[in-house]
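Read the numbers this way: they start at 1 and go in the same order the structure lists the ligands and their atoms.
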Amino acid sequence: MSSDPSIQWFDSFIGVAYRYYEIRMNVVPLFSDLKKAQNFWRETAHWWNDHSIKIRFVETGDTYWFIMGAESRNPKDNKFLFKVLPKSPNYERFKKGHEGSAFLRLGTHTKKFKKDVKNDAKCNCSHIKEDHEEGDGNDACLFEDCDCEKFETFQVNLLKKKKTVTDIKFLTEAEIKDDALAWNCFSVHKYTK
Ligand SMILES: [Zn+2]
Ligand SMILES: [Zn+2]
């Protein structure tokens, strides 16, 4: 099997969030700002036929490849997503809980500081805002064994528009030769390098 040169691969997104939301698991490619997410939806995802959307997960040690593509009614702007990501508890939860389908939504992943969040917001150091120094300029964590110097957190926002995905597969690298989408991705990004 050879790779398909017509596929445009896209990896200018930050990562993927997995959220249980509106009765179904959501797979959420994350963008650094709203405009980029909206553009990607408008130019690409909007034109995808729901039943043709495929997501492949290929585990390689502590990381996994996220690969997603679909047939488009606007083929000239069609793009397939791929990204190598660290395995996470949310990823494992999705793997166990998806039951064969998911909503695809786009999201934004933005950095927030102390002034932007409520008192019970969690810092990246795992302690909440109230456990950090008060006032502007100094907001180190007050836990003795924590070396966090500045409150910082990430917030994920989901865009409303969604598509339903029913073709989801978890594969090992040995199995990708039988899967056109995963094979194309690996042959372009791994085997020809
Ligand atoms: Zn902190
Ligand atoms: Zn802390």
Side-chain angles (χ1 to χ4, degrees), residues 9-42 44-45 55-68 79-99 101-163 165 168 170 185 189-190:
W9 290 100
F10 175 85
D11 68 350
S12 304
F13 58 106
I14 307 172
V16 181
Y18 304 95
R19 292 291 163 93
Y20 198 72
Y21 183 69
E22 289 178 2
I23 68 162
R24 221 187 278 242
M25 297 290 264
N26 287 243
V27 176
V28 187
L30 296 171
F31 291 75
S32 55
D33 69 67
L34 185 61
K35 212 166 217 145
K36 286 181 188 155
Q38 287 169 332
N39 279 345
F40 189 85
W41 189 272
R42 197 171 43 236
T44 304
I55 303 178
R56 301 292 179 256
F57 299 92
V58 185
E59 298 191 0
T60 47
D62 291 338
T63 58
Y64 69 95
W65 288 53
F66 172 84
I67 306 167
M68 178 166 69
K79 293 187 188 80
F80 285 19
L81 284 80
F82 94 100
K83 197 106 189 156
V84 183
L85 297 161
K87 285 184 191 166
S88 66
N90 285 334
Y91 162 76
E92 301 289 353
R93 215 168 294 146
F94 177 78
K95 185 179 172 182
K96 277 207 199 87
H98 68 83
E99 296 179 335
S101 70
F103 285 138
L104 165 67
R105 275 200 161 82
L106 302 183
T108 56
H109 183 255
T110 47
K111 222 183 230 182
K112 299 272 178 187
F113 299 102
K114 210 173 59 176
K115 61 174 171 37
D116 308 320
V117 298
K118 296 199 190 109
N119 282 339
D120 60 350
K122 227 183 209 174
C123 177
N124 291 337
C125 75
S126 84
H127 301 121
I128 63 171
K129 173 175 165 178
E130 280 189 321
D131 295 328
H132 291 69
E133 283 177 11
E134 283 183 49
D136 292 341
N138 44 2
D139 54 339
C141 182
L142 299 170
F143 274 78
E144 228 164 274
D145 57 348
C146 183
D147 56 11
C148 165
E149 292 290 333
K150 190 177 170 61
F151 182 94
E152 229 177 68
T153 188
F154 287 106
Q155 272 183 3
V156 170
N157 288 308
L158 272 59
L159 273 64
K160 279 262 168 323
K161 290 181 175 143
K162 60 177 190 264
K163 299 244 163 194
V165 188
I168 298 168
F170 289 81
C185 188
H189 299 107
K190 187 167 182 181

query: By atom name, which N, O or S atom of His127 is the nearest to the Zn ion (ligand 2)?
result: ND1
message: Between His98 and Phe57 (judged by ring centroids, cut-off 6.0 Å), do the two rings come close enough to count as a pair?
response: no
- request: Would you check if the Zn ion (ligand 1) lies under 2.8 Å from any N, O or S atom of Cys146?
  value: no
task: Could you tell me whether Lys129 sits above the aromatic face of Phe151, with NZ or CZ closer than 6.0 angstrom to the six-membered ring centre and within 45 degrees of the axis?
output: no
- prompt: SG (Cys125) to the Zn ion (ligand 1) to SG (Cys123): angle, nearest 10 degrees?
  reply: 100°
query: With a distance cut-off below 6.0 Å to the six-membered ring centre and an angular limit of 45° from the axis, does Lys162 pair with Phe103 as a cation-pi contact?
result: yes
message: Using a 3.5 Å distance criterion without hydrogens, assess whether the side chain of Lys83 forms a donor-acceptor pair with backbone atoms of Asp11.
response: yes
field: Metal site the Zn ion (ligand 1): N/O/S of Cys148 inside 2.8 Å
entry: yes
